[in-house]
Amino acid sequence: MNTDAPNEWALLRAERRVLGIQTKLHRWAGEDRSRRFDDVFNLVADPDFLLVAWERVRSNTGARTAGVDGLTARQIEAAGGVLAMLDDLRGRLRSRTFRPLPVRERMIPKSEGKLRRLGIPTVIDRIVQASLKLVLEPIFEQGFRPCSYGFRPNRRAQDALAEIHHFGSRKYHWVLEGDIEACFDTIDHAALMDRVRRRIADKRVLALVKAFCKAGILTELGQQQETRTGTPQGGILSPLLANIALSVLDDYFIQAWQQTMSDHNARYRRRGKGLANWRLTRYADDWVVMVAGTRTDAETLREEIATVLAPMGLRLSETKTRVVHLREGLDFLGYHIQWRFKRGTNNRHVYTYPSKKALTSVKHRIRALTCQKAHPDLATLLLGVNSLLRGWCHYFKHGSSSGAFGYLNHYTWWRVARWIRKRHAGLSWRELRRKVFTDGYRIVADGIELFNPATVATVHDRWRGYHIPTPWSQPTSSPTA
DNA sequence: ATATCTGTAAC
RNA sequence: GUUGUUACAGAUAU
């Protein structure tokens, strides 16, 4: 069927070569921190880079979703014209006739009634963006700071939480928690391009990045709109661009930290003089500043941050940006972080629990899955509930979640038991337990047993701090570049 | 040991 | 119908 599908070892070879070149880019960007890369367009348009980019787009879940041209990656693959399409794309990139099409707008519901605007690029545009990312990410990763955790390779939300736990367990008891208003939508193009230009001198690459920012949007009603600010939520490059823009914050805080608070003695002297110490932890547009000082010290930082963000076109959300003490606690990345007394002692400890919002939301989803008409049979129901519970627990096991897990076990058991009983009309609970449940309580169907969240062991992972490697840190075996 | 596919979480 | 990045988990196949 696929007359010209890329074969496996051509792909493997391409992936190895791309990784080798990425490692070099990463190394060069590190050796000369002010180096501006002048000749990277040829990499973006390189057949191997485009092939790896295509592979990425093809295997994403969005391979079934089309942009404004109505083409899906699946259709292109089925038509068997992949290599020809990549070749044509390469030609259009090199002759500079390539133009990104507008993104297709899709509104999806967020939590509690709000809407989120997605901008879905065409498959071709996704490939070019993916190729751009292959080139730009190793370069910009070199300048990104350890305090930034979102959208970055090898970094998990749990790393950010471990950092907060680490400093919260020391003198950093006041927290400025913040939210940037419609971050993706409001990033200023000129300011963003200025930051991209610090590392990239290649005019063709800069033009491509800018073109994707300016590609415009085709609304659900079919109207064309230009995009004067922001980067489309759905673009492969968008998370990287957001980090490039938001790294102004990281840079600002690192500077202050390195100049005046970098060593233990300096921080101690500052505290002696009544001065505060503070640190930023950021996950995409969500961030906190841990402050060893007073509430006023934290309040002061709020204005500083607003000033740093303003040139990027970014504004703080008035309601969601606030100062709290660890005594009151705060929500961050789905967790609730708060001081509690350790059992039987007088010692305060920083604990991280699943937030109320996270627990409510998973309960709602279990309720929806266990409503009467949701599933044809018990086995399918268990499959759905199990995968939900398993995924949820694996995210929240990095905290003090055993209480929540126990509660969830109880809640789900009853929901599923109720579902079963409705299907066996007339049976009493006692008969049900005897006839349907294994050992009187275990719920099993076709060898699938209801997952018990209470069996998930919680782990406490240490703050990995400054020692998280990038995928390009170690040299790879003999790249042929 | 490779590779498919599904799912969860964060944003 | 729902895109994207990152992390994690499970199932299947050889």
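As the structure is a computational prediction, the values presented were derived from the model and not from experiment. Numbered from 1 within each chain, the chains take letters A, B, ... in sequence-line order.
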Q: Write down the atom of A:Leu326, the atom of A:Tyr172, and the distance for their closest heavy-atom approach.
A: CD1-O, 3.7 Å
Q: Could you check whether A:Asn60 gets within reach of a base, just the sugar-phosphate, or nothing at all, counting any heavy atom under 4.0 Å?
A: sugar-phosphate
Q: What is the nucleic acid contact for A:Thr61, judged by heavy atoms within less than 4.0 Å: base, sugar-phosphate only, or nothing?
A: sugar-phosphate
Q: Nearest to the side chain of A:Glu55 - C:U2, B:dT4, C:A7?
A: B:dT4
Q: Pick base, sugar-phosphate or nothing for A:Asn386, based on heavy-atom distances below 4.0 Å to the nucleic acid.
A: nothing
Q: Could you tell me whether A:Arg315 atom CZ has more than 12 heavy atoms of other residues or ligands within 6.0 Å of it?
A: no
Q: Applying a 3.5 Å limit to both distances, which nucleotide forms a Watson-Crick or G-U wobble pair with C:U3?
A: none
Q: Heavy atoms only, 4.0 Å cut-off, all strands: where does A:Arg64 land among base, sugar-phosphate and nothing?
A: sugar-phosphate
Q: Take the angle between the ring planes of A:Phe151 and A:Tyr283 and call it parallel below 30°, perpendicular above 60°, tilted in between.
A: tilted
Q: Rounded to the nearest Å, what distance is computed from the CZ atom of residue A:Arg156 to the P atom of nucleotide B:dT8?
A: 20 Å
Q: With rounding to whole Å, what would you report as the distance between C:G1 and B:dT6 at their P atoms?
A: 12 Å
Q: Contact class for A:Arg116 vs. all strands (heavy atom < 4.0 Å): base, sugar-phosphate, or nothing?
A: nothing
Q: Starting from C1' on B:dA9, measure out to CZ on A:Phe151 and report it in whole angstrom.
A: 13 Å
Q: Count the heavy atoms of every other residue, nucleotide or ligand shown that sit under 6.0 Å from NZ of A:Lys214, and state whether that count exceeds 12.
A: yes
Q: Base, sugar-phosphate or nothing for A:Leu388? Non-hydrogen atoms, less than 4.0 Å.
A: sugar-phosphate
Q: Identify whether any heavy atom of A:Ile120 sits under 4.0 Å from a base atom; if not, whether one sits that close to sugar-phosphate; answer base, sugar-phosphate or nothing.
A: sugar-phosphate
